[in-house]
Novice: 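Let me begin by handing over the structure; questions about it come next.
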Amino acid sequence: MAGIVACVFLSFVTLINAQAQTAFLEYIQGRMGVLEDRIAQWHDQSSRYSSELREFKNQVLKLLENIEKERDGLRNEMENTNIRVDRLEREVDYIETQNPAPSCVEVDEKLTELHIEKKKKNEKYAKLIDCSDTISQVNAMKILKRFGTTAGLWTKDPIGNSEKIYVFDGAGNDTLYIFNRMKEFTLSSSTRKASKIKLPFPWIGTGHVVYGGNLFYIRQGDEFQLIKFNLVNKTVVDSAVLPIEEQVPVYGLSKFNYIDIVADEEGLWAIYATKENEKNICLAKLDPNSLGIEQMWDTPCPIENAESAFVVCGSLYVVYNTKLPSRSRIQCVFDVSGTISSENVPIVYFPKRYGAHSSMKYNPKEKQIYAWDDGYQILYKLSMKPKEDLY
């Protein structure tokens with residue numbers, strides 16, 4: 001009896017296991033079918049995405065190819081434009097040389113009435129030396145190097161045989177750099193050597209010249225004071241307050257410059273402007289020994305758009321430009337002896353350079369201008385001719 005029961009129980013268990021296996025297999029097959037459907041769906045989506053990506057890639061490549069062609073076309077157009085602009089500038093320069101534009105001459109009707117009673121003003125100047133040359137053109141330009149900030153000054157002493165280069169780097173600086181010769185100045189910053197002189201008062205960016213072993217520069221306080229500093233003894237030799245009232249910036253494009261000290265064959269000069277005659281530039285002859293003013297003139301040269309100025313053979317040459325720097329030009333000349341006037345002098349253009357001249361110092365021995373242009377030191381070689389040739 002027991003054997004029958006065991007046999008029946010075993011058969012029952014076997015039947016249940018068979019049914020469970022069948023159900024499990026059906027479940028697994030169902031899940032596999034779902035996974036296969038999803039895999040097929042993913043495959044379809046992946047194929048669609050791949051196709052769209054290929055199409056997008058082809059579109060991007062085509063766009064890049066078109067952009068490259070357009071860039072090449074624009075480059076060619078710019079090159080052609082530059083060639084045409086250069087040709088146009090040469091033609092304009094030629095036309096200006098053949099037919100110079102009228103000089104900037106502005107006469108103030110009240111000029112004589114306001115100043116006729118003032119002693120030593122607007123009188124003809126008796127020159128100390130025989131100097132009868134005027135500038136005919138800027139013959140050459142040499143860029144020495146880039147040294148320092150936008151505003152600065154560099155120059156030589158026009159008296160004596162010294163080859164030393166004197167450099168101010170940036171307004172507010174109280175250090176004067178001295179290089180023994182031009183070769184040392186042009187060396188790289190790591191190899192060049194310069195002696196330094198600490199000045200008693202900082203340079204304010206207005207007025208500076210080395211003359212006869214002395215540095216003449218302007219100190220600004222309640223009044224503008226001219227300092228005479230001996231470069232050998234390194235002491236202040238003399239100082240004087242210039243008898244000039246209510247100064248205004250002398251150059252319309254250089255608002256920091258109120259009084260410019262320059263030198264030529266005749267000696268020292270001060271270029272300035274006042275509210276009394278705020279439209280035009282004024283000129284004064286200085287005595288380098290006493291620092292007194294020997295004579296004063298109101299010039300017809302406008303302040304507006306003036307960039308810098310210098311004196312050659314007793315003639316003031318004012319350099320003009322535009323607010324967006326272009327080509328500097330000498331457009332107004334005032335001769336203290338009355339020999340020449342702006343009407344007789346053609347406009348002289350300077351070569352292209354970097355920005356705007358912050359200073360221009362004439363060296364009468366070398367017939368060169370030491371210019372500071374946006375941190376670059378530039379030498380301009382001048383070509384001279386007799387003033388009689390203008391008539």
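In this chain, residues are counted from 1 in sequence order.
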Novice: Hydrophobic clustering (ILVMFWY, side-chain heavy atoms < 4.5 Å, transitive) - are F216 and L242 grouped together?
Specialist: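 L242 clusters together with F216.
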Novice: With rounding to the nearest 0.5 Å, note down the distance linking CD1 in I259 to CD1 in I218.
Specialist: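 I259 atom CD1 to I218 atom CD1 measures 4.5 Å (nearest 0.5 Å).
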Novice: For E366, does the CD atom sit with more than 12 other heavy atoms under 6.0 Å from it, leaving out its own atoms?
Specialist: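 More than 12 within 6.0 Å, yes.
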Novice: Mind checking the CG-NZ spacing from N214 to K228? Nearest 0.5 Å is all I need.
Specialist: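 Taking CG in N214 and NZ in K228, the distance rounds to 5.0 Å.
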Novice: Distance check, rounded to the nearest 0.5 Å: I197 atom CD1 versus D174 atom CG?
Specialist: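 The CD1 atom of I197 sits 12.0 Å away from the CG atom of D174.
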Novice: Is it true that atom NZ of K381 has more than 12 heavy atoms of other residues, nucleotides or ligands lying nearer than 6.0 Å?
Specialist: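 Atom NZ in K381 is packed in, count exceeds 12.
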Novice: How about Y370 and S359: does a side-chain donor come under 3.5 Å of a side-chain acceptor?
Specialist: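 S359 and Y370 do not have a side-chain donor-acceptor pair below 3.5 Å.
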Novice: Going by heavy atoms in the side chains, are L176 and L231 under 4.5 Å from each other?
Specialist: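 Answer yes - side chains close enough.
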Novice: Please evaluate residues M182 and I165 with respect to the criterion side chain to side chain contact (heavy atoms under 4.5 Å, CB included), reporting the C-alpha separation (whole Å), side-chain torsions for both, the decisive distance (0.1 Å), and the verdict.
Specialist: CA-CA 7 Å; M182 185 71 74; I165 301 294; 3.7 Å; yes
Novice: With a 4.5 Å cut-off on side-chain heavy atoms, are W269 and V336 touching?
Specialist: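 In short, these two side chains touch, coming nearer than 4.5 Å.
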Novice: Provide the closest heavy-atom pair for L268 versus K285 in the form atom of the first, atom of the second, distance.
Specialist: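 Minimum heavy-atom separation between L268 and K285: O-CD, 3.4 Å.
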Novice: Looking at CD1 of I303 and OH of Y272, how far apart are the two atoms once the value is rounded to the nearest 0.5 Å?
Specialist: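 Separation between the atoms: 11.0 Å.
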Novice: State, to 0.1 Å, how close Q331 and Y320 come at their nearest heavy-atom pair, and which atoms those are.
Specialist: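 What the structure gives for the nearest pair is CB-CD1, 3.6 Å.
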Novice: Membership question, hydrophobic clusters at under 4.5 Å side-chain separation (ILVMFWY): are V210 and F201 in the same one?
Specialist: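 Looking at the clustering, V210 is in the same group as F201.
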Novice: Just wondering, are more than 12 heavy atoms of other shown residues or ligands nearer than 6.0 Å to NZ in K367?
Specialist: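 Atom NZ in K367 is packed in, count exceeds 12.
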Novice: Going by atom types alone, do N321 and S328 pair a side-chain donor with an acceptor below 3.5 Å?
Specialist: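 Judged by distance alone, the side chains do pair up.
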Novice: Are side-chain heavy atoms of I347 and Y349 found at a separation under 4.5 Å?
Specialist: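 The answer is yes; the side chains approach within 4.5 Å.
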Novice: I'd like to know if the side chain of T274 and the backbone of E245 have a donor-acceptor N/O pair within less than 3.5 Å.
Specialist: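 Not confirmed, T274 side chain does not pair with E245 backbone.
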Novice: Given the rule in the side chain to side chain contact (heavy atoms under 4.5 Å, CB included) test, do N363 and T155 qualify, once you have shown the distances and angles that lead to the verdict?
Specialist: CA-CA 8 Å; N363 188 295; T155 187; 5.8 Å; no
Novice: Just wondering, do V318 and T299 contact through their side chains at under 4.5 Å, heavy atoms?
Specialist: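 Side chain of T299 against side chain of V318, heavy atoms only: no contact under 4.5 Å found.
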Novice: Any side-chain heavy atom of Y166 sitting closer than 4.5 Å to one from K156?
Specialist: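 A side-chain contact is absent here, since even the closest heavy-atom pair is not under 4.5 Å.
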Novice: How about E26 and T22: do any of their side-chain heavy atoms sit closer than 4.5 Å?
Specialist: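 Heavy-atom side-chain distance check passes, below 4.5 Å.
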Novice: Could you check whether atom CZ of R48 has more than 12 heavy atoms from other residues, nucleotides or ligands sitting under 6.0 Å from it?
Specialist: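 Check passes, neighbour count above 12.
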Novice: Hey, is D260 close enough to K361 for a salt bridge, meaning N to O under 4.0 Å?
Specialist: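 Here D260 pairs with K361 in a salt bridge, since their nearest N and O are under 4.0 Å apart.
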Novice: Verify the cluster assignment for V345 and Y362: are they in a single hydrophobic cluster under the rule of side-chain heavy atoms below 4.5 Å apart?
Specialist: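 Looking at the clustering, Y362 is in the same group as V345.
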Novice: Stepwise, does the side chain to side chain contact (heavy atoms under 4.5 Å, CB included) test hold for V319 with F310?
Specialist: CA-CA 8 Å; V319 180; F310 52 89; 3.8 Å; yes
Novice: For D157 and G213, indicate whether the former's side chain and the latter's backbone hold a donor-acceptor pair under 3.5 Å.
Specialist: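 Checking the backbone N and O of G213 against the side chain of D157, a donor-acceptor pair under 3.5 Å is found.
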Novice: Do you know which two heavy atoms are closest between D287 and S290, and how far apart they sit?
Specialist: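 Closest approach of D287 to S290: OD2-OG, 3.2 Å.
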Novice: Taking the six-membered ring for Trp, are H357 and Y380 closer than 6.0 Å centroid to centroid?
Specialist: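 Ring centres of Y380 and H357 closer than 6.0 Å.
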Novice: Under a 4.5 Å cut-off applied to non-hydrogen side-chain atoms, are V311 and E266 in contact?
Specialist: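 SC-SC contact between V311 and E266 ruled out.
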Novice: Any ion pair linking K62 and E65 (charged N to carboxylate O, less than 4.0 Å)?
Specialist: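 The answer is no: the pair does not qualify as a salt bridge.
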Novice: Which heavy-atom pair separates K255 from Y258 by the least distance, and what is that distance?
Specialist: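 Closest approach of K255 to Y258: O-CE1, 3.8 Å.
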Novice: About how many Å separate OH of Y217 and CD1 of I261, when rounded to the nearest 0.5 Å?
Specialist: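 One gets 12.5 Å once the value is rounded to the nearest 0.5 Å.
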Novice: Name all residues meeting the side-chain hydrogen bond (donor to acceptor under 3.5 Å, both in side chains) criterion together with E70; count only those two or more places apart in sequence or in a different chain, and write none if there are none.
Specialist: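 Checked E70 against side-chain hydrogen bond (donor to acceptor under 3.5 Å, both in side chains); zero matches.
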Novice: How far does CG of L382 sit from CZ of F350, to the nearest 0.5 angstrom?
Specialist: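 With rounding to 0.5 Å, CG (L382) is 7.0 Å from CZ (F350).
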Novice: Can you check whether K385 reaches T134 side chain to side chain, under 4.5 Å on heavy atoms?
Specialist: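 When only atoms from C-beta onward are counted, T134 and K385 do touch, with a gap below 4.5 Å.
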Novice: Assess whether a salt bridge exists between D72 and K69, defined as any Lys/Arg side-chain N lying under 4.0 Å from an Asp/Glu carboxylate O.
Specialist: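 Salt bridge absent between D72 and K69.
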Novice: Which heavy atom of Y251 sits nearest a heavy atom of A306, and at what distance?
Specialist: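 That closest heavy-atom pairing would be CB-O, 3.4 Å.
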Novice: Membership question, hydrophobic clusters at under 4.5 Å side-chain separation (ILVMFWY): are V248 and L253 in the same one?
Specialist: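 Looking at the clustering, V248 is in a separate group from L253.
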Novice: If every non-hydrogen atom of A263 is compared with every non-hydrogen atom of P158, which pair is closest and at what distance?
Specialist: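 Scanning both residues, the minimum pair turns out to be CB-CG, 4.4 Å.
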Novice: May I ask you to check whether over 12 heavy atoms, not counting those of E52, lie within 6.0 Å of atom CD?
Specialist: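 Enclosed: over 12 neighbouring heavy atoms sit under 6.0 Å from CD of E52.
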Novice: Between R329 and E307 (salt bridge meaning N to carboxylate O under 4.0 Å), is one present in this structure?
Specialist: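 No, no charged N to carboxylate O under 4.0 Å.
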Novice: How far apart are the C-alpha atoms of E294 and L286, what are their side-chain angles, what is the distance that settles it, and do they pass the side chain to side chain contact (heavy atoms under 4.5 Å, CB included) test?
Specialist: CA-CA 6 Å; E294 298 177 351; L286 298 177; over 6 Å; no
Novice: Transitively linked via ILVMFWY side-chain contacts under 4.5 Å: V236 with V232?
Specialist: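 As far as the 4.5 Å side-chain criterion goes, V232 and V236 are not connected within one cluster.
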